[in-house]
A.B. asks: 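Got a structure for you, questions after.
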Amino acid sequence: GRPAEFHVFMEAVDPKAIPREEEGLNSWLMKRWEMKDARLARFHKEGHLGGDDGTKKRKQLMVRASTGQTLAVAVGWWLLSTLVFIRWCVQYAFYRLLAGVALGTLLLLVLVAVVLQQVHFKKSKR
């Protein structure tokens, strides 16, 4: 697939510049929200969040080659741990524990699948 791309806008805010009273804070927050909306509108129109054309401070993040190895080791460890747990449950006749863990794992996988479907794979309505 193509590399993932994400855009971040960061700005330092002096805590002393944040109003303490409720009315001033509400006004300050609304102004910040409007600034955020303007940045997002600019991003959708021009492809950057503002300030420059988005290339001045652009950084390319690389994924280390060892990341794949780390993932493989983590999955291997999970598989080994799961097999040892299953063997232990069967050896000591903890079938209800095994069934409960299996059901919980299945429900978790279904929940993750539903969330992924709703968040990542659903077509945008824009």
Side-chain angles (χ1 to χ4, degrees):
R2 66 184 184 115
E5 183 175 310
F6 66 97
H7 301 260
V8 178
F9 180 86
M10 293 180 1
E11 180 179 26
V13 176
D14 182 8
K16 294 175 185 165
I18 301 172
R20 299 277 184 221
E21 67 282 346
E22 186 174 350
E23 188 174 316
L25 180 61
N26 285 339
S27 174
W28 184 82
L29 286 172
M30 286 303 294
K31 182 179 176 190
R32 303 292 297 178
W33 193 265
E34 291 167 1
M35 291 166 54
K36 184 262 315 170
D37 284 343
R39 277 191 204 94
L40 284 176
R42 182 181 304 122
F43 177 78
H44 289 296
K45 184 178 178 185
E46 301 173 12
H48 61 88
L49 292 170
D52 56 20
D53 66 356
T55 59
K56 191 188 309 184
K57 295 181 181 177
R58 184 174 290 180
K59 294 186 189 263
Q60 186 171 1
L61 302 176
M62 304 300 284
V63 176
R64 295 184 192 143
S66 64
T67 303
Q69 293 171 327
T70 303
L71 180 62
V73 168
V75 169
W77 178 255
W78 177 79
L79 284 173
L80 178 66
S81 300
T82 301
L83 292 174
V84 168
F85 175 74
I86 291 170
R87 182 172 183 267
W88 179 78
C89 284
V90 170
Q91 182 178 356
Y92 293 102
F94 291 130
Y95 300 115
R96 286 189 355 202
L97 175 64
L98 185 59
V101 169
L103 180 63
T105 302
L106 181 64
L107 290 174
L108 180 65
L109 289 174
V110 168
L111 177 66
V112 167
V114 168
V115 169
L116 282 174
Q117 174 66 29
Q118 294 297 316
V119 173
H120 291 290
F121 300 118
K122 201 171 191 180
K123 295 268 186 192
S124 176
K125 294 192 170 128
R126 284 188 222 178

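Start at 1 with the first residue, then count along the sequence. Every heavy atom of this structure was used, including side-chain atoms; hydrogens, water molecules and symmetry mates were not.
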A.B. asks: Minimum heavy-atom separation for Cys89 and Leu98, please, with both atom names.
C.D. replies: CB-CB, 3.9 Å
A.B. asks: Taking everything shown except Glu21 itself, do over 12 heavy atoms lie less than 6.0 Å from its CD?
C.D. replies: yes
A.B. asks: Nearest 0.5 Å, please: how far is CZ in Arg96 from CG in Leu103?
C.D. replies: 14.0 Å
A.B. asks: Identify the two heavy atoms, one from Val13 and one from Trp28, that lie closest to each other, and give their separation to 0.1 Å.
C.D. replies: CG1-CZ2, 3.8 Å
A.B. asks: Please round to the nearest 0.5 Å and tell me the distance separating atom CD of Glu34 and atom CZ of Arg32.
C.D. replies: 11.5 Å
A.B. asks: Under 3.5 Å, side chain of Thr105 to main-chain N/O of Val101, donor-acceptor pair present?
C.D. replies: yes
A.B. asks: If I take atom CE from residue Met35 and atom CZ from residue Phe9, how far apart are they, to the nearest 0.5 angstrom?
C.D. replies: 6.5 Å
A.B. asks: Would a single hydrophobic cluster contain both Trp78 and Leu71, if residues Ile, Leu, Val, Met, Phe, Trp and Tyr are joined by side-chain heavy-atom contacts under 4.5 Å?
C.D. replies: yes
A.B. asks: Roughly how far apart are Leu111 CG and Leu116 CG, rounded to 0.5 Å?
C.D. replies: 9.5 Å
A.B. asks: Establish whether Trp77 and Val84 are linked, either directly or via other cluster members, by ILVMFWY side-chain heavy-atom contacts under 4.5 Å.
C.D. replies: yes
A.B. asks: A side-chain contact here means heavy atoms from C-beta on lying under 4.5 Å apart; do Arg64 and Thr67 qualify?
C.D. replies: yes
A.B. asks: Would you compute the distance between atom CG of Leu97 and atom CZ of Phe85 and round it to the nearest 0.5 angstrom?
C.D. replies: 4.0 Å
A.B. asks: So with a 6.0 Å cut-off around CD of Gln91, is the heavy-atom count from everything else above 12?
C.D. replies: yes
